[in-house]
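Written out below as structure tokens is the structure these notes cover.
Both backbone and side-chain heavy atoms feed into the values below; hydrogens, waters and symmetry mates do not.
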Amino acid sequence: MKFWIVSMECAGIAEAGGVKNVSFSLCKELSLAGHSVTLFIPYFKCTSLELIKDLGKAEDVSLTVPMCAKEESMTFKKAVCTQGDFNVVFVHHPCFEEKEGVYTYTASEQEKNPDFVKGFGHKDTPFMDSLFCKSVSAYGNKATPDEIPDIIHCQDASCSLVPCFASKLQVFEKTAFVVTIHNAGPAYHHNFSSIGEAAWYTGLAEPELSGALNDFKVEPFLLAANAGAHITTVSEHYAKELIDPFNITETEGLSPIFFNRYTNIKGITNGIDYERYDPSNKKESHLPFEFNPEKGDLEGKYKCRDYCVEQLQYTQIEGVKTYGNINVRPQEKENQIFISYHGRITNQKGISVLIKAIPAILNNYEGVKFIIACQGEIAIEKELAELCNRFSGKVIFLNGYNREAARLVNAIGDFIVLPSFFEPCGLEDFISQIYGTLPIANATGGLNKILNNETGFLYHNNTPENLIAKLSEVIALKLYKPEKIKEMIQKAAIHVHTNYLWRSVINNEYIPFFKSILKK
């Protein structure tokens, strides 16, 4: 089969959230399985070419796209990704090339222009999304017959307009379209505020736009479904939540619409590219010491912990501002328990629940330490900094993003807390289990793939009180039944490696699905 994978981000090229891992692994594994794969992705200021070869060898493709009553000039540059040898087409335009982040502004952009607030979405997001989707579709008229795909697979709301434009072109009459919903939570819809705004940016007719209304807003996901795209999402659990008529708040009213329209949403749980995290291979894991939880070997894990605690006292991590510190007294070593958190600071991730739970835990358990790595809403960042001052030596907050530091935070914990109010799939639980760190999670969406009391711990009703109760239960288990924890660590690592490799997910789930939707 021939695939076009359309995404705003891809691991190793332009990174933001979990979409990057799905885009990369789909491209890589489909290509390794013998399929023809081309990734279409904007060229940002933050784009990395570390995994790219042959850029500039093929002739550039140029075309114009109608946008907001004028013509925009686009340039397409072809290349190849060295991991998987799949094709890459970079879409060039100043609106992409000037951005330092894929979806949001960075601190340096805010310094240059106070209107570009760090962590907030780009002001021209409707323009960027529409232009990118129109450009990918228009590229079909410049492509050779051999380049026209059997399937165009679009990742999340920012790319979901592609079927609306491409389905109108004769060149794609034998092409099937797939749109994967990675997150339908508030602020992730990339919707238009009105039919008028949608018409201005997309150029689509009013009847088409009015058929995709959610209250007064025009939903790209609904536009895609109405254009004949097959809708998928990133776990079977989340697929059920997306068609739950009572799941109004967490999807901003989208679920009742899917339910009333009998929308079929295929849930395929994301996999994990194990080789990129393998703790027994320092080169891939980017950890300072090697270990193997699948074999019960955790010595290197605790060496990583000692290394991390020492480094944080004396070294400034690139891209990260550190608040607080961790003091480990020799007499505490046997009973110390490290609890990690890594993720974005958004309402979805439930960091506010964790912040309220931490004081109760630290006041009751002397040997517990919290290590937190995240960035996002400024008000919550300040709360975390104040927490570090209040509990000196027991809480450390790494504000920012650094790949090595993020992995180290996951690896050194005994447990990682995932208090998300909703979570389509979640990769942090996979990564932590690979590193011998057991997840403690709210039982929602894709986090339900954790086997309770076997590969991690689940709790229900996401309140600080319930999280405190679950943390207390788990801490007691660690203190008084450490062998049970060791058994769970080994089982969790084996479970993820055995059942959730991307190669297995693609062969067992995606390939049969893609074959079922091919146009004859």
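In terms of modelled atom types and a separation under 3.5 Å, the side chain of T47 and the main chain of Y43 share no donor-acceptor contact. Judged purely by atom type and a 3.5 angstrom limit, S255 has no side-chain atom pairing as donor or acceptor with the backbone of P245. Counting only distance, with no hydrogens or angles, the side chain of N247 and the backbone of L242 share no donor-acceptor pair below 3.5 Å. With hydrogens and angles disregarded, a donor-acceptor distance shorter than 3.5 Å links the side chain of N452 to the backbone of L458.
Inspection of the T180 and H153 side chains reveals an N or O donor paired with an N or O acceptor under 3.5 Å. If you check the side chains of N183 and Q348, you find a donor sitting under 3.5 Å from an acceptor. Between the side chains of D278 and S280, at least one donor N or O lies within less than 3.5 Å of an accepting N or O. Side-chain atoms of D129 and H190 form a donor-acceptor pair, as typed in the model, at a separation below 3.5 Å. Looking only at atom types and distance, the side chain of T463 has a donor-acceptor partner in the side chain of N466 under 3.5 Å away. At a cut-off of 3.5 Å, with distance as the only test, no side-chain donor of Y459 or E473 sits close to an acceptor on the other residue.
With ring centers used as reference points, Y139 lies under 6.0 Å from F76. Ring centers of W4 and F172: under 6.0 Å apart, within the cut-off.
Applying the salt bridge (Lys or Arg N to Asp or Glu O under 4.0 Å) test to residues at least two apart or on different chains, the pairs with a partner in residues 280-303 are E299-K303.
A salt bridge is defined here as a Lys NZ or Arg NE, NH1 or NH2 lying under 4.0 Å from an Asp or Glu carboxylate O, and D85 with K53 meets this definition. Using a cut-off of 4.0 Å between Lys/Arg side-chain N and Asp/Glu carboxylate O, D273 and R503 are scored as not salt-bridged. Ionic pairing of K2 and E147 is not present here: no N-O contact between side-chain nitrogen and carboxylate oxygen is shorter than 4.0 angstrom.
Heavy atoms from other residues, nucleotides or ligands lying under 6.0 Å from CD of E310 number 12 at most.
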T106/E100 under side chain to side chain donor-acceptor pair (under 3.5 Å): CA gap, chis, key distance, verdict: CA-CA 7 Å; T106 64; E100 295 180 8; 2.7 Å; yes
message: The test is ring pair (Phe, Tyr, Trp, His ring centres under 6.0 Å); show your working for Y500 and H495 and say whether it passes.
response: CA-CA 8 Å; Y500 290 105; H495 177 70; 5.7 Å; yes
W502 and F24: CA distance, side-chain angles, deciding distance, ring pair (Phe, Tyr, Trp, His ring centres under 6.0 Å) verdict: CA-CA 10 Å; W502 260 116; F24 174 80; over 10 Å; no
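Judged by a 6.0 Å distance limit and a 45° cone about the ring axis, K449 is positioned over the six-membered ring of F430.
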